[in-house]
Amino acid sequence: MKITDITQQAKNPKRYSIFVDGRFAFGIHGVDLLCHGLEIGDVLDDGQLDKIRHEAEFAAARDSAVKYLGRGIKSNKQVRDNLEAKEFSRESIDKVVEMLTQRGYLDDIAYAAAFIAQKTKLNNFGRYRIEQELRAKGVSDKNIKLAYANMDDEGEERDDLTIAKSALEKKLRHKDITQIAQNPKDVQKLKAFLARRGFDFETADKVVDIFLQKK
């Protein structure tokens with residue numbers, strides 16, 4: 001098999017398209033192109049072609065994952081899903097995820113801890129909703145528990161009652177509590193609001209009662 005053409009890609013000038021026997025074979029970064037010393041007219045056997053193609057795909061998947069992580073910390077599953085959407089092979093995805101995990105770029109416990117802190121402090125979400133969202137992002141129950149345990153060791157405050165009070169206080173900042181207390185439907189709406197935020201019914205009832213007692 002002979003390399004019949006090497007062309008610079010229009011969408012990404014740093015990458016090149018390699019054509020073998022007149023057909024597109026694979027894309028490769030310019031640096032890797034130089035490292036392999038590929039030139040038009042080179043003859044490659046099946047083994048050489050497969051090796052170069054796999055190495056080129058791994059490099060592309062790695063660069064894509066690093067760029068994705070540059071937008072912010074991600075879970076293992078989010079990185080996998082992102083690479084799968086770009087149609088990288090399972091082999092390349094596995095190798096990239098393994099490399100990023102070994103180098104500390106992927107850590108579901110650290111990701112969960114950062115997510116918990118953000119959703120607790122900025123959104124006033126309860127633990128139930130936070131855990132649901134983390135599971136949806138592919139974080140295991142074991143890693144969620146470890147994230148909470150590590151944060152407890154560091155003295156982070158995430159008492160659901162305190163967080164629920166903060167959430168309701170913000171919602172009622174410009175409301176007439178006396179008027180709300182007189183309407184059972186409005187009281188139920190407050191409890192439903194807290195339930196949607198991820199607080200259990202006991203916490204929702206307790207916090208709403210605390211605010212109604214202030215009327």
Side-chain angles (χ1 to χ4, degrees), residues 64-85 96-97 99-181 183-215:
S64 179
V66 170
K67 183 178 179 179
Y68 182 54
L69 287 170
R71 303 175 193 170
I73 186 171
K74 306 293 181 183
S75 69
N76 184 303
K77 182 178 183 299
Q78 286 176 308
V79 171
R80 285 185 175 278
D81 288 348
N82 181 265
L83 293 177
E84 286 176 3
V96 168
V97 169
M99 180 203 73
L100 292 173
T101 300
Q102 290 178 345
R103 297 187 180 184
Y105 291 102
L106 273 181
D107 183 339
D108 274 3
I109 297 174
Y111 171 80
F115 187 88
I116 291 166
Q118 179 190 41
K119 294 300 180 181
T120 297
K121 295 175 181 177
L122 298 183
N123 301 97
N124 291 319
F125 283 175
R127 182 162 179 160
Y128 178 72
R129 177 162 175 175
I130 291 173
E131 290 182 351
Q132 277 190 316
E133 292 194 7
L134 282 171
R135 291 189 190 102
K137 296 178 185 299
V139 182
S140 68
D141 287 343
K142 176 183 177 182
N143 285 336
I144 292 172
K145 289 179 180 178
L146 286 171
Y148 270 110
N150 290 347
M151 294 174 76
D152 287 339
D153 291 341
E154 295 171 5
E156 292 281 350
E157 179 58 57
R158 286 173 318 285
D159 174 68
D160 261 13
L161 190 63
T162 301
I163 299 166
K165 286 179 182 178
S166 179
L168 199 56
E169 183 177 38
K170 184 176 181 180
K171 182 173 179 62
L172 295 175
R173 189 171 297 165
H174 303 297
K175 303 288 185 180
D176 186 341
I177 299 177
T178 300
Q179 187 175 358
I180 291 174
N183 189 331
K185 288 186 177 180
D186 287 340
V187 173
Q188 285 304 118
K189 286 180 180 179
L190 291 182
K191 294 179 180 180
F193 163 75
L194 291 175
R196 289 194 300 272
R197 288 276 174 146
F199 300 100
D200 58 44
F201 293 119
E202 182 180 353
T203 299
D205 286 342
K206 186 179 295 185
V207 171
V208 170
D209 286 344
I210 290 173
F211 273 83
L212 294 182
Q213 288 168 13
K214 295 179 180 179
K215 67 183 189 298

Looking at [Y], is its backbone amide N or carbonyl O close enough to the side chain of [X] to form a donor-acceptor pair, meaning the two atoms are under 3.5 Å apart?
| X | Y | value |
| --- | --- | --- |
| D108 | N76 | yes |
| N123 | F125 | no |
| R129 | R196 | yes |

Approximate separation, where rounding is to 0.5 Å, of [X] [atom1] and [Y] [atom2]:
| X | Y | atom1 | atom2 | value |
| --- | --- | --- | --- | --- |
| N82 | K67 | CG | NZ | 10.5 Å |
| K206 | T203 | NZ | OG1 | 6.5 Å |
| I73 | D107 | CD1 | CG | 7.0 Å |
| I163 | T120 | CD1 | OG1 | 4.5 Å |
| K145 | I109 | NZ | CD1 | 13.0 Å |
| Y148 | L134 | OH | CG | 7.0 Å |

*Step-by-step salt bridge (charged side-chain N to carboxylate O under 4.0 Å, His left out) determination, K77 to D81*: CA-CA 6 Å; K77 182 178 183 299; D81 288 348; 2.6 Å; yes
So which atom in [X] and which in [Y] form the shortest heavy-atom distance, rounded to 0.1 Å?
| X | Y | result |
| --- | --- | --- |
| I210 | K165 | CD1-CE, 3.6 Å |
| A113 | A147 | N-CB, 3.7 Å |
| A164 | L194 | O-CD2, 3.8 Å |
| L83 | A65 | CD2-N, 4.1 Å |

If you define the side chain from C-beta out and look only at heavy atoms, does anything of [X] sit under 4.5 Å from [Y]?
| X | Y | answer |
| --- | --- | --- |
| L190 | L168 | yes |
| Y128 | D200 | no |
| Y105 | M99 | no |
| K191 | F201 | no |

*Would E169 and F211 count as a side-chain contact (heavy atoms from CB on, under 4.5 Å) if you check the C-alpha gap in whole Å, the side-chain angles of each, and the deciding distance to 0.1 Å?*
CA-CA 8 Å; E169 183 177 38; F211 273 83; 3.7 Å; yes
_F193 six-ring centre to K171 NZ/CZ under 6.0 Å and within 45° of normal_ =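 Yes, a cation-pi geometry.
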*Please determine if K74 forms a cation-pi arrangement with Y111, meaning its NZ or CZ atom is less than 6.0 Å from the six-membered ring centre and no more than 45° off the ring axis.*
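Ring-cation test returns no.
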*Go through the steps for E131 and R135 under the test salt bridge (charged side-chain N to carboxylate O under 4.0 Å, His left out), then give the verdict.*
CA-CA 6 Å; E131 290 182 351; R135 291 189 190 102; 3.5 Å; yes
*Please report the C-alpha distance between L106 and S75 in whole Å, then the side-chain angles of each, then the deciding distance to 0.1 Å, and finally whether the side-chain contact (heavy atoms from CB on, under 4.5 Å) criterion is met.*
CA-CA 7 Å; L106 273 181; S75 69; over 6 Å; no
